[in-house]
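Read the structure below first, then the notes.
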Amino acid sequence: MTKANKTLGESLREHGVSRRGFLKFCAATASMMALPPSMVPAIAAALEKARRPSVIWLSFQECTGCTESLTRSHSPTVEDLILDVISLDYHHTLQAASGDAAEAAREQAMKENHGSYLLIVDGSLPGPDSNPGYSTIAGISNYDLLMEAVEGAAAVVAVGTCAAFGGLPAANPNPTGAVSVMDLVKDKPVINVSGCPPVPMVITGVLAHYLTFGKLPELDQYHRPKAFFGQSIHDRCYRRPFYDKGLFAESFDDEGAKAGWCLYRLGCKGPSTYNACATMRWNSGTSWPVESGHPCLGCSEPRFWDAGSFYAPLSVPTGANGGTILAAGVTGAIVGGAVAALARKQVKAERADRQPVTVDELEQKL
Amino acid sequence: MSDPMDFLLWTKGPAFEWAIAIFALGLLARLLEIFVIGRRPNYAEPRAGEWGPGMRTVFTRSIADPGTFKSAPFNVVVGWIWHVGFLIVLLLFIPHLELIKSLLGFAWPGLPNPVVDLVTAVTLVALVATLVHRLTHPVKKRISTVEDYVVWGITFLVVLSGYLAYHRVINPYPLALGLHILSAEIFLILLPFTKLTHIFTTVIARWYNGASFGRRGVAS
């Protein structure tokens with residue numbers, strides 16, 4: 001039996017994963033995806049029998065942080081093995097082959113698994129109207145490479161905020177005309193796993209869901225899996241009670257910060273950010289940004305680079321400043337002044353025409 | 001504005017800029033007009049000073065005289081409740097203070113969120129009561145204009161959207177917050193051109209009344 005034909009169950013046993021460990025993973029996956037415990041045996045049965053799907057991973061205008069997030073996850077874990085047992089046929093950073101051999105592997109995988117492979121993309125790409133030379137791989141523009149790969153894909157997973165929403169490359173003024181995968185792929189299911197980078201368990205969780213059910217999970221309006229992006233950081237934040245009580249840190253080293261109070265006033269974007277950091281945490285569940293004392297940047301939301309300062313509270317506008325108000329005020333003063341000056345002129349004219357009459361004069365007249 | 005986050009960023013960016021510019025321009029134009037035009041000169045000999053009675057009236061008129069209270073207790077009590085509630089929520093909620101700090105460079109201590117939350121709920125109930133009263137009171141109903149309802153509507157909307165956003169009733173949150181900011185911006189734009197201007201002119205008008213009485217030597 002070749003490696004590609006083995007079921008997931010066989011591969012896991014080969015890697016020394018116990019039945020108990022496997023079921024534990026299945027239970028975690030079920031709870032992660034908000035499925036009832038009764039689904040655990042079904043997940044286990046499906047995963048046992050699942051064939052390793054071919055996965056092609058394309059990296060475009062990205063920083064490799066998403067791959068770093070995935071690979072630097074604690075090891076060895078069941079999640080790592082799940083990835084290991086996926087037939088990852090093409091990934092710039094992780095594959096041993098390079099140059100023509102690498103591209104040949106991609107082409108072969110696309111041909112052999114046409115219609116059934118999973119396409120994972122990290123990074124944004126210059127849109128069809130942009131100069132294709134901004135980003136190429138093996139002389140092929142990102143756009144052409146994506147469109148060619150999408151054609152035979154069963155589904156596309158956009159990993160990271162750049163692939164999902166354009167991210168940093170698309171930030172104002174977007175010099176490369178960067179767009180997201182969702183902007184270009186309309187005829188295939190697209191699932192966005194946003195975050196800069198995304199939580200590793202979310203990436204593996206989405207893959208596990210795909211292996212289990214053979215379809216993509218329920219998505220929100222940004223095409224993100226609801227199981228992981230259904231609740232905001234704020235709603236699941238362990239510092240939330242401090243927000244509710246009105247106890248805030250006002251600088252990074254004040255008493256409030258030391259006491260672990262809410263970071264809203266330091267610019268936390270938790271209330272408007274939907275992600276799983278607060279529940280899954282990072283580095284084997286060690287901690288996460290807010291726990292380490294830093295406000296949430298809102299990295300899993302569209303245009304988070306253009307949403308004003310990371311350290312400005314959510315209620316602070318990004319547009320107007322003192323200058324705008326001053327300019328408008330001065331204009332208003334000029335307009336009001338002009339109107340008033342006209343009226344005053346009239347009053348003055350009336351005053352000049354005033355003809356005072358004394359009581360004696362009135363009596364004489366009568 | 002294809003999605004909630006776009007909408008929120010629009011309300012926090014260009015929309016806010018326009019709203020605050022129209023507000024500043026409109027308000028300054030109107031206030032300057034009032035101040036510069038002044039009043040027709042009064043040639044009668046003043047019987048007493050203007051400043052003292054003027055300043056006194058600015059404060060004394062906050063308390064309704066017994067006659068007014070007797071004839072319209074609802075107006076006085078409910079009016080007080082929601083005006084004070086609105087000011088507390090506007091000026092003492094921490095996120096609002098951060099906005100004020102970003103615009104003026106300074107702010108003052110706020111109240112804990114649960115207190116502001118309670119005050120908001122009371123304000124909302126009081127506002128609904130004022131509308132019911134306006135719609136059912138035979139005289140009030142007759143003298144109410146479209147402007148009265150527009151002003152009530154936008155005031156209520158600002159408080160209600162803020163309350164819903166705080167309690168995260170509307171999802172996703174960027175949409176809820178965007179709606180609250182947008183309603184506050186409409187409030188700002190309407191302020192200089194409707195009876196909402198009284199937020200700034202009440203003090204001026206009261207001073208003038210007091211000063212006028214003082215000048216004539218009658219109780220202010």
Side-chain angles (χ1 to χ4, degrees), chain A residues 165 220-222 230 232 234-235 243-248 262 264-265 267 270-274 298 301-304 306-309 312-322 324-344 346-347 350-351 354 356, chain B residues 2-6 8-41 43 93-99 101-105 110-117 165 168 171-174 176-177 181 192:
Chain A
F165 305 127
D220 71 3
Q221 70 189 109
Y222 291 122
S232 71
H234 185 66
D235 284 335
Y243 174 87
D244 291 337
K245 280 184 201 156
L247 298 172
F248 298 94
C262 176
Y264 182 93
R265 301 185 90 160
S272 61
T273 305
Y274 292 77
E301 295 302 311
R303 285 163 296 288
F304 83 101
D306 294 327
S309 166
L314 200 55
S315 60
V316 170
T318 54
N321 49 41
T324 317
I325 302 168
L326 202 67
V330 168
T331 316
I334 292 168
V335 172
V339 171
L342 279 174
R344 199 161 193 159
Q346 200 184 336
V347 172
E350 281 173 12
R351 193 181 296 177
R354 190 169 73 98
Chain B
S2 51
D3 62 63
M5 188 52 84
D6 258 346
L8 174 62
L9 293 184
W10 176 76
T11 60
K12 283 175 72 175
F16 184 79
E17 208 157 343
W18 274 103
I20 201 88
I22 292 169
F23 162 75
L25 195 152
L27 187 69
L28 251 104
R30 292 214 45 189
L31 287 184
L32 214 83
E33 192 189 341
I34 291 167
F35 287 132
V36 174
I37 290 177
R39 289 278 165 172
R40 279 174 193 275
Y43 296 105
F93 184 46
I94 303 271
H96 295 167
L97 287 171
E98 287 295 339
L99 165 68
K101 200 163 95 184
S102 79
L103 290 175
L104 306 179
L111 283 175
N113 292 353
V115 177
V116 178
D117 183 32
R168 306 179 73 82
N171 280 307
Y173 183 74
L177 183 59
I181 295 175

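Naming convention: chains lettered A, B, ... in sequence-line order (proteins, then strands); numbering from 1 in each chain. For the numbers below, each heavy atom of this structure counts, side chains included, while hydrogens, waters and symmetry mates do not.
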If you look at every heavy atom in B:Gly13 and A:Thr318, which pair is closest and at what distance?
->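 Heavy atoms only, the tightest pair is CA-OG1, 3.4 Å.
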So for [X], is it side chain, backbone, both, or neither that comes closer than 4.5 Å to the heavy atoms of chain B?
X        : value
A:Leu314 : both
A:Phe248 : side chain
A:Gln346 : neither

What option among B:Glu33, B:His96, B:Lys101 has the most heavy-atom pairs under 4.5 Å with chain A?
->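 Maximum pair count with chain A is reached by B:Glu33.
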Could you tell me whether the side chain of A:Tyr274 and the main chain of B:Tyr173 form a donor-acceptor pair under 3.5 Å?
->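 A pair under 3.5 Å: yes.
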Could you grab the distance from atom [atom1] of [X] to atom [atom2] of [Y], nearest 0.5 Å is fine?
X        : Y        : atom1 : atom2 : answer
B:Met5   : A:Thr273 : CE    : OG1   : 6.0 Å
B:Leu8   : A:Arg303 : CG    : CZ    : 10.5 Å
B:Ile94  : A:Arg265 : CD1   : CZ    : 4.0 Å
A:Thr331 : B:Ile22  : OG1   : CD1   : 12.0 Å
B:Leu97  : A:Ser315 : CG    : OG    : 9.0 Å

Heavy-atom distance under 4.5 Å to chain A: side chain of B:Leu177, backbone, both or neither?
->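 Only the side chain of B:Leu177 comes within 4.5 Å of chain A.
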Heavy-atom contact with chain A under 4.5 Å, split by part of B:Pro4 |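 Contact with chain A: backbone and side chain both.
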With sequence neighbours excluded, tell me which residues meet side chain to side chain donor-acceptor pair (under 3.5 Å) with A:Ser232.
->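 Side chain to side chain donor-acceptor pair (under 3.5 Å) list for A:Ser232, sorted by chain: A:Asp235, B:Arg168.
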In chain order, what residues pass the side chain to side chain donor-acceptor pair (under 3.5 Å) check against A:Asp244, with sequence neighbours excluded?
->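 A:Asp244 satisfies side chain to side chain donor-acceptor pair (under 3.5 Å) with A:Arg240 once adjacent residues are dropped.
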Interface residue of largest heavy-atom contact number with chain B, from A:Pro271, A:Pro302, A:Pro356, A:Ala312, under 4.5 Å =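 Max contact count across the listed options: A:Pro271.
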